[in-house]
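First comes the structure, then the notes that go with it.
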2 protein chains.
Amino acid sequence: MEETAITIYDVAREANVSMATVSRVVNGNPNVREATRAKVLEVIDRLDYRPNAVARGLASKKTTTIGVVIPDISDTYFATLARGIDDIATMYKYNAIIANSDSDDKKEVHVVNNLLAKQVDGVIFMGNRITDSVRAEFSRSRTPVVLAGTVDGDEQFASVNIDYVSASREAVNQLAKSNKKVAFLSGPLVDEINGQRLAGYKEALKENKLKYTEALIFESKYSYEDGIAIAERIKNSGATAAYVANDELAVGLLNGLLDLGLEIPEDFEIITSNNSPVTNYTRPSISSIEQPLYDIGAVAMRLLTKLMGKEEIEEKTVILPHGIVEKNTTK
Amino acid sequence: MEETAITIYDVAREANVSMATVSRVVNGNPNVREATRAKVLEVIDRLDYRPNAVARGLASKKTTTIGVVIPDISDTYFATLARGIDDIATMYKYNAIIANSDSDDKKEVHVVNNLLAKQVDGVIFMGNRITDSVRAEFSRSRTPVVLAGTVDGDEQFASVNIDYVSASREAVNQLAKSNKKVAFLSGPLVDEINGQRLAGYKEALKENKLKYTEALIFESKYSYEDGIAIAERIKNSGATAAYVANDELAVGLLNGLLDLGLEIPEDFEIITSNNSPVTNYTRPSISSIEQPLYDIGAVAMRLLTKLMGKEEIEEKTVILPHGIVEKNTTK
DNA sequence: ATGAAAGCGCTAACAT
DNA sequence: ATGTTAGCGCTTTCAT
């Protein structure tokens with residue numbers, strides 16, 4: 001908003017053309033004589049004209065803005081996804097309004113509403129689960145939605161993830177090779193993503209002829225402190241290994257166990273889930289499932305551009321490959 | 001954008017009032033009879049009317065959206081600032097468009113332009129320095145700008161920071177108590193923020209009657225790997241302590257020195273700058289300057305709301321308090 | 001307290 | 001190739 005903003009009308013008058021022609025030039029419409037285009041461009045440059053995106057949005061019903069619902073932008077996991085989203089968004093000339101939800105049901109509904117009121121062309125939703133109210137909100141809007149790193153059992157929405165079941169199965173398989181008692185440590189099991197991880201854990205136990213017991217299942221929050229706090233209980237459970245659903249939690253568990261005098265990985269093995277940088281900072285560094293977080297965001301955004309462009313989608317449930325990186329918390 | 005979006009006009013017709021009245025109700029204008037308000041509200045609820053923020057923006061010249069220029073949202077330092085910004089923005093009913101700049105001059109100008117085209121009501125700018133072209137871009141716009149965690153020597157813009165000179169002086173003072181050779185490790189010294197840190201370093205040397213030598217100044221990128229890579233050079237410099245400008249860099253240095261067989265803090269002391277969670281994850285945990293990152297973002301956003309509301313500002317250069325947290329990389 | 005009407009700055013038919 | 005003219009959905013005077 002300049003002192004006295006230059007409008008398309010000012011440019012038209014100065015260039016002796018109609019505003020339609022200026023609009024055509026601005027939008028790269030080929031139906032403009034080269035000489036005319038040059039003149040308009042010159043005036044645009046001289047007057048330093050900057051098209052008002054809000055007016056454009058109202059007239060065209062396209063805002064070139066997307067909404068991103070994210071639990072917490074200061075959480076590296078989501079921030080990495082967000083970076084992937086924003087890079088691709090920028091590539092396709094979109095801007096991203098980022099709204100923190102804290103995975104709170106009420107806030108989620110609120111921010112989604114807000115985003116839709118702002119007429120975003122699409123939404124990328126991240127969370128641990130997708131509630132019915134959010135689902136309803138999206139359903140009665142025609143705005144395309146893509147879930148990133150978020151599991152939707154109903155497959156109502158397009159989504160980009162890795163195969164969490166397989167990933168955790170592989171991780172637990174690795175641990176079960178040399179441990180009879182493998183603990184499972186995650187955030188709330190009601191979150192669908194953790195449910196999938198638990199399913200993978202159970203599959204691995206079965207494959208290794210180990211029996212499942214709730215005594216080895218630990219539910220917690222996703223924080224370093226929670227990891228520290230739960231270390232003693234896990235040690236006392238008799239487990240000699242743990243698959244952990246979150247890196248900060250894993251770091252906490254590692255340091256907690258170290259504080260209790262355990263040798264890692266000799267006495268206890270750990271595999272975590274996101275292979276974020278912190279897994280390399282600890283001593284020993286933490287073995288982890290490796291997942292392409294940035295790419296999940298990037299692919300989700302690319303998918304969204306297709307949806308917004310009404311392109312045909314070959315497969316709306318995208319599964320990206322994962323791996324296991326062995327570092328120093330496994331033998 | 002619903003199937004057939006319902007507009008203020010639909011509500012007006014259904015409630016037998018004019019759109020002006022609906023507008024008044026929506027905007028909480030008191031000049032509406034209670035009965036009328038109730039009826040309108042009922043219709044709004046029944047039709048599930050959601051005011052179009054784009055149209056509002058065009059008519060009122062206020063978008064209730066701010067722009068946030070950030071070097072990299074996946075960098076915890078900035079992500080924490082961003083979280084503070086977004087929380088206060090939400091509190092004041094603003095949304096934030098977040099644009100990554102990678103601290104790249106060209107990108108910065110580009111995203112700022114873009115943000116202004118979108119008619120954001122204000123901008124929060126984060127970076128290591130503020131270039132002339134960005135400065136120019138902001139200058140010829142009337143959009144309020146606040147710098148967060150970003151030093152502007154010219155004090156042209158409102159800003160929120162800690163006193164980097166004092167903070168690094170205190171950190172180095174602490175190290176100089178028991179070390180004759182204290183290294184200084186930072187990102188590019190052309191970045192004003194590092195210039196201030198260096199100034200503090202020099203002051204501390206002087207206070208401790210140590211002489212300044214370029215042999216102890218190390219310039220690097222801001223990454224873990226760079227910290228690892230530079231460890232040997234720092235060790236060979238004869239330094240027995242280092243003040244580091246970035247936490248990831250400090251973690252790298254710590255692990256690098258550990259790999260070289262040094263005992264920390266016995267053989268080498270380290271103090272870093274941001275006290276981010278990773279400083280607690282390492283063994284030993286890293287002593288650090290403590291700065292209120294979240295608050296810097298929050299206060300910057302609060303300041304911006306005042307600027308946008310044309311309120312009087314008592315002091316546009318805000319300095320927040322800092323501290324030093326002694327952990328286990330100092331004796 | 002309420003309504004009528006004029007824009008906000010632009011796009012998108014439709015004409016020419 | 002270019003111009004004319006309706007809107008887009010809302011806010012905001014100005015009347016009443």
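Just so we're clear, the structure is a prediction, and the values are computed from it rather than from any experiment. So that the names make sense, note that chain A is the first sequence line, chain B the second, and so on, each numbered from 1.
B/Asp75 and A/Arg83 are not joined by a salt bridge, as no carboxylate oxygen comes within less than 4.0 angstrom of a charged side-chain nitrogen. Salt bridge annotation for A/Arg37-A/Glu34: present, with a cationic side-chain nitrogen under 4.0 angstrom from a carboxylate oxygen. Between B/Asp105 and B/Arg129, at least one side-chain nitrogen of the basic residue sits less than 4.0 Å from a carboxylate oxygen of the acidic one, meeting the salt-bridge criterion.
For the residue pair A/Asn113 / B/Arg50, a side-chain donor-acceptor distance below 3.5 Å is found, with atom types taken as modelled. For the residue pair B/Ser103 and B/Asn128, a side-chain donor N or O sits within less than 3.5 Å of a side-chain acceptor on the partner. One side chain, B/Lys118 or A/Thr65, offers a donor N or O that lies under 3.5 Å from an acceptor on the other.
By the 6.0 Å contact criterion, CD on B/Glu155 is open, its count of non-hydrogen atoms from other residues, nucleotides or ligands being 12 or less.
Only one option out of A/Val109, A/Asp132, A/Thr131 pairs with A/Glu137 in a side-chain contact (heavy atoms from CB on, under 4.5 Å); it is A/Val109.
Nucleotides of DNA chain D lying under 4.0 Å from heavy atoms of chain A occupy a range whose first and last members, 5' to 3', are D/dA1 to D/dG9.
In this structure, the side chain of B/Asp191 does not engage the main chain of B/Ile193 through any donor-acceptor pair within 3.5 Å. Judged purely by atom type and a 3.5 angstrom limit, A/Thr143 has no side-chain atom pairing as donor or acceptor with the backbone of A/Ser141.
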Classify every nucleotide of nucleotides 6-16 of chain C by which part a protein heavy atom approaches to under 4.0 Å, writing B for the base, S for the sugar-phosphate alone and - for neither, in 5'-to-3' order. -BBBBBBB---

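Relative to the axis of its first five pairs, the axis of the last five pairs of the helix from C/dA1-D/dT16 to C/dT16-D/dA1 sits at 30°, rounded to 10 degrees.
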